[in-house]
Amino acid sequence: MRIPMHRFKYTKLTKDQIGAKLKPVEGVGPKSASAFSSVLSGKTVKIITQDGPTLEYKFGANRRLTLTEGGKQVSAGYGELTQNNIVFFSHLIPGEQKGYNVYIDQKSNLATVFEVWLSSGIKQNAGRPTEFTLDDREVQRQIYFGYVDNGSAAPKKLHAYTNRMTGKGLHWKQDNGIETIELYTSVANTCFTELTRHIDDLSYIAPSDYVLADDRTAIYNRTECEFSGIHTCFVADLYGVKQVGVRFGFNEKDELEYYMFKGDGKVVGQIAYLENFDDHGLRPMFAPAPARPAAAGPGAAAAPPAVAPVPAKGARTTYRPVRTFTHMTDEEMHAAAVARTTAFGVASGTAAEAPAPEAPTGGAPLPPQATGNNLPFSDILVGKEFTLRYDNGGPVRDYRIKNITRLQYRDHKDNKWVDAEYRAYEGDDNLAWFAHVLADTRPRASTMVAVDFTNGLVTSIESRMGTEYYGNETTYLPIFGVCEMPGLEAPIYVRHELTDELVGHCFSWSYSDQTTSMHVYSSPHSMSWVIFTGTQQMGAEWGSPCIFVKLRPGVYIFCQNEEACNGNQMTELLNTKASHDCGFTFNGSARGASLGVTGAIGRHIGKFDILEYFGPKKRGA
């Protein structure tokens with residue numbers, strides 16, 4: 001697949017179309033590249049679930065079963081695979097666009113049941129202007145914990161949700177040749193990269209559930225919501241690093257994939273997870289917390305214990321950003337930018353030069369104050385005059401820096417001096433990092449520039465409003481060159497360059513004491529961001545393409561745009577030696593185009609050793 005999943009236009013399959021595609025497999029069950037097992041053949045199994053159905057199975061020959069549920073009996077085909085004590089089987093229910101994936105621990109008689117279904121009709125944001133109905137092709141799931149009824153007393157402890165998988169990373173290769181990297185960087189999501197199905201090494205995010213069967217065995221699923229809607233579910237043996245599972249749903253060609261698989265894995269890392277040590281992840285993120293009971297008045301009876309609301313069937317934590325992202329054409333975006341373009345809070349048309357505030361005792365002007373955990377703005381450029389000459393016919397721009405907020409630049413193609421508002425940081429010794437809007441550009445554009453006054457090198461992230469998909473997203477391009485000024489000898493061959501040195505690393509970034517997210521640098525071309533919950537769980541997660549540029553050892557530029565999300569671009573200079581970043585945002589909306597600042601204090605959370613899996617591959621061998 002060449003088109004990125006967040007850009008692909010998946011067919012809105014109807015309920016009737018889905019039913020027609022399911023019908024041929026309902027009676028025969030899933031396929032498998034590995035031989036099916038037959039542990040259950042000839043047996044009768046009754047599974048009682050907590051707050052869910054009672055399922056009574058009779059397993060016949062030739063992979064046929066009969067299910068009695070709620071007094072109704074159906075016959076269907078099934079598939080079965082085993083791993084250690086676990087026997088796993090999967091089947092559909094004819095005519096209902098639903099089925100069950102069932103995991104039974106034959107030693108403990110505990111069971112975890114996944115009910116899966118299509119054409120759900122589930123509404124999101126019900127009653128609000130942003131209300132929408134989930135696509136019929138998106139596989140829904142509900143998890144039930146239970147046990148096999150063998151006449152003994154019901155067990156007191158069942159399988160349960162867990163955070164024990166949080167922070168792990170695994171490379172999996174299935175028996176059908178499919179390879180994935182799966183980074184379990186959230187209690188509610190997976191950051192995964194398809195190494196065989198896709199050609200661009202991009203990672204994506206899918207809502208996920210994690211269930212602990214025992215200390216070596218985890219049960220897992222993910223659904224590619226907002227993409228194809230396909231569902232993957234497996235049990236993992238973390239001692240042997242093996243899996244058995246099932247994939248169910250429709251791919252980008254609208255083909256039904258319903259097959260079981262075995263796989264071998266490799267642990268590629270474990271980053272820290274930061275919740276309290278007594279938090280074992282028993283309550284999933286989609287489950288509302290119990291309301292705090294009201295305090296009882298003097299002499300009053302104690303308030304009853306709080307009861308948590310029951311989550312709706314199929315509830316899960318899912319980013320669906322494109323559903324509410326306002327689409328603007330290039331023409332609409334440019335008209336908005338002409339009406340108002342702001343650079344660091346100074347709007348176009350109102351940027352007449354004003355004196356900078358004086359220091360309390362007179363003396364040098366004070367810089368504008370950075371907020372939150374950003375680095376302070378720097379006067380590293382003040383008084384300098386230099387030329388930035390970019391390679392391969394790129395722009396040549398002269399600069400005169402007037403003060404800590406205002407500069408003049410002259411592009412050689414226009415040969416006229418332009419005043420501009422700017423902000424600068426000193427990102428490392430003698431390394432300036434600054435940005436400004438490029439005046440009168442169509443589409444509206446900005447430049448974010450790292451100038452190394454020690455080595456005579458320069459990198460610019462040239463950004464402009466508009467992609468082929470949205471007028472209010474940004475397109476960015478790194479260009480490289482040299483800085484020319486008296487006393488500085490610019491190299492001929494040496495340049496800053498794109499890098500993969502950050503791939504696999506994870507950093508938390510605290511933009512303020514109230515706002516922290518974790519960045520997962522998940523491939524050479526993509527990343528994800530994870531929002532921490534109030535209990536320090538790694539929670540909601542989404543991702544985007546990105547680039548990395550190496551400026552010096554330990555100093556990098558990271559640039560990403562929240563594509564098909566909100567269109568915001570963030571470009572940061574990361575100084576891993578100081579565990580701090582600083583940089584700029586660029587975005588557009590009906591309010592116009594805006595260039596702003598950002599910065600955060602970092603913590604290195606860990607690293608996944610995944611770089612070896614990326615890059616051009618020999619295919620079809």
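Residue numbers run from 1 in the order of the sequence given. Since the model is a prediction, treat every value here as computed from it, not as a measurement.
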Inset, instruction - Indicate whether the side chain of T447 and that of S460 have a donor and an acceptor atom separated by less than 3.5 Å. - result: yes
Legend entry - Closest heavy-atom pair and its distance - F507, I605: C-CG1, 4.1 Å
Inset, instruction - Could you verify whether a donor N or O on one side chain and an acceptor N or O on the other, from T342 and S594, lie under 3.5 Å apart? - result: yes
Legend entry - Under 3.5 Å side-chain donor-acceptor pair for Q537 and N163: no
Inset, instruction - Find the distance between CG (N568) and CD (Q560) and round it off to the nearest 0.5 Å. - result: 9.0 Å
Inset, instruction - Test E182 against Y184 for side-chain hydrogen bond (donor to acceptor under 3.5 Å, both in side chains), laying out the working first. - result: CA-CA 6 Å; E182 299 175 12; Y184 309 126; 2.6 Å; yes
Inset, instruction - For F548, check ring-ring contact (aromatic ring centres under 6.0 Å, His included) against everything at least two apart and list the hits. - result: Y521, F558
Inset, instruction - Look only at the side chain of N455 and the backbone of L457, and say whether a donor-acceptor pair between them is shorter than 3.5 Å. - result: no
Legend entry - Residue pairs passing the side-chain hydrogen bond (donor to acceptor under 3.5 Å, both in side chains) test where at least one lies in residues 432-445, sequence neighbours excluded: T341-R444, Y399-H436
Legend entry - 4.5 Å side-chain heavy-atom contact, M165 and Y273: no
Legend entry - Student check: side-chain heavy atoms of Q124 and L134 closer than 4.5 Å: yes
Legend entry - Sequence neighbours excluded - salt bridge (Lys or Arg N to Asp or Glu O under 4.0 Å) pairs with any residue from residues 570-593: D428-K577
Legend entry - Sub-4.5 Å side-chain heavy-atom contact between Y425 and F434: no
Legend entry - Polar contact flag, side-chain donor to acceptor under 3.5 angstrom, E541-T185: yes
Inset, instruction - Please round to the nearest 0.5 Å and tell me the distance separating atom OG1 of T317 and atom CE of M285. - result: 4.5 Å
Inset, instruction - First locate atom CZ of R316, then atom CZ of R222, and finally report the distance between them rounded to the nearest 0.5 Å. - result: 13.0 Å
Legend entry - Residue pair N472 / S589, side-chain donor-acceptor N/O under 3.5 Å: no
Inset, instruction - Show your reasoning for whether side-chain hydrogen bond (donor to acceptor under 3.5 Å, both in side chains) applies to T467 and Y476. - result: CA-CA 10 Å; T467 65; Y476 53 82; over 6 Å; no
Legend entry - D201 (side chain) donor-acceptor with G615 (main chain) under 3.5 angstrom: yes
Legend entry - Close side-chain approach of M1 and R197, heavy atoms under 4.5 Å: no
Legend entry - Pair H580, N373: side-chain N/O donor-acceptor within cut-off below 3.5 Å: no
Inset, instruction - Indicate yes or no for a side-chain donor-acceptor contact from S186 to the backbone of M538 under 3.5 Å, with no hydrogens or angles considered. - result: yes
Inset, instruction - Applying ring-ring contact (aromatic ring centres under 6.0 Å, His included), name anything that partners F325, two or more places apart in sequence or on another chain. - result: Y470
Legend entry - Full working for side-chain hydrogen bond (donor to acceptor under 3.5 Å, both in side chains) between S526 and S203: CA-CA 6 Å; S526 55; S203 61; 3.0 Å; yes
Inset, instruction - May I ask you to decide if Y469's main-chain N or O and H327's side chain share a donor-acceptor pair within less than 3.5 Å? - result: yes
Legend entry - CA sep, side-chain torsions, deciding dist, call: F614, I181, side-chain contact (heavy atoms from CB on, under 4.5 Å): CA-CA 10 Å; F614 297 114; I181 294 173; 3.7 Å; yes
Inset, instruction - Output the distance between atom OH (Y556) and atom OG1 (T576), rounded to the nearest 0.5 Å. - result: 5.5 Å
Inset, instruction - Give a yes or no answer on whether the side chain of T193 reaches the backbone of L195 with a donor-acceptor pair at less than 3.5 Å. - result: no
Inset, instruction - Answer whether the closest heavy-atom distance between the side chains of I601 and W509 falls below 4.5 Å. - result: no
Legend entry - Backbone N/O of G394 and side chain of N392: donor-acceptor pair under 3.5 Å: no
Inset, instruction - Flag the pair Y204 / C191 as yes when at least one side-chain heavy-atom distance between them is below 4.5 Å, and no otherwise. - result: no
Inset, instruction - Just do the side-chain contact (heavy atoms from CB on, under 4.5 Å) check on V549 and L551 with the steps written out, would you? - result: CA-CA 6 Å; V549 175; L551 302 177; 4.1 Å; yes
Inset, instruction - Say whether N125 and E131, considering side chains only, have a donor N or O and an acceptor N or O under 3.5 Å apart. - result: no
Inset, instruction - Identify which one of E562, M518, M570 satisfies the side chain to side chain contact (heavy atoms under 4.5 Å, CB included) criterion when paired with W529. - result: E562
Legend entry - Partner of R397 under side chain to side chain contact (heavy atoms under 4.5 Å, CB included), chosen from V449, D414, L438, V458: L438
Legend entry - Sidechain-backbone polar pair: N561 side chain, G567 backbone, donor-acceptor under 3.5 Å: yes
Inset, instruction - For the residue pair M527 and S544, establish whether any side-chain heavy-atom pair is separated by less than 4.5 Å. - result: yes
Legend entry - Set of residues satisfying ring-ring contact (aromatic ring centres under 6.0 Å, His included) with respect to Y422, sequence neighbours excluded: none
Inset, instruction - Say whether, by atom type as modelled, one donor and one acceptor occur between the side chain of N575 and the main chain of A578 under 3.5 angstrom. - result: yes
Inset, instruction - For the pair S463 and T474, evaluate side-chain hydrogen bond (donor to acceptor under 3.5 Å, both in side chains) and give the outcome as yes or no after the intermediate values. - result: CA-CA 6 Å; S463 302; T474 63; 5.7 Å; no
Inset, instruction - Could you tell me whether a side-chain N or O of R423 sits under 3.5 Å from a main-chain N or O of G583, the two making a donor and an acceptor? - result: no
Inset, instruction - Could you tell me whether the side chains of N403 and T405 share a donor-acceptor contact shorter than 3.5 Å? - result: yes
Inset, instruction - Please collect all salt bridge (Lys or Arg N to Asp or Glu O under 4.0 Å) contacts where either partner lies in residues 471-492, sequence neighbours excluded, each pair once. - result: R7-E473, R389-E484
Legend entry - Between CG on residue D500 and CD1 on residue I547, distance to nearest 0.5 Å: 13.5 Å
Legend entry - Side chain to side chain, E224 and E194, heavy atoms closer than 4.5 Å: yes
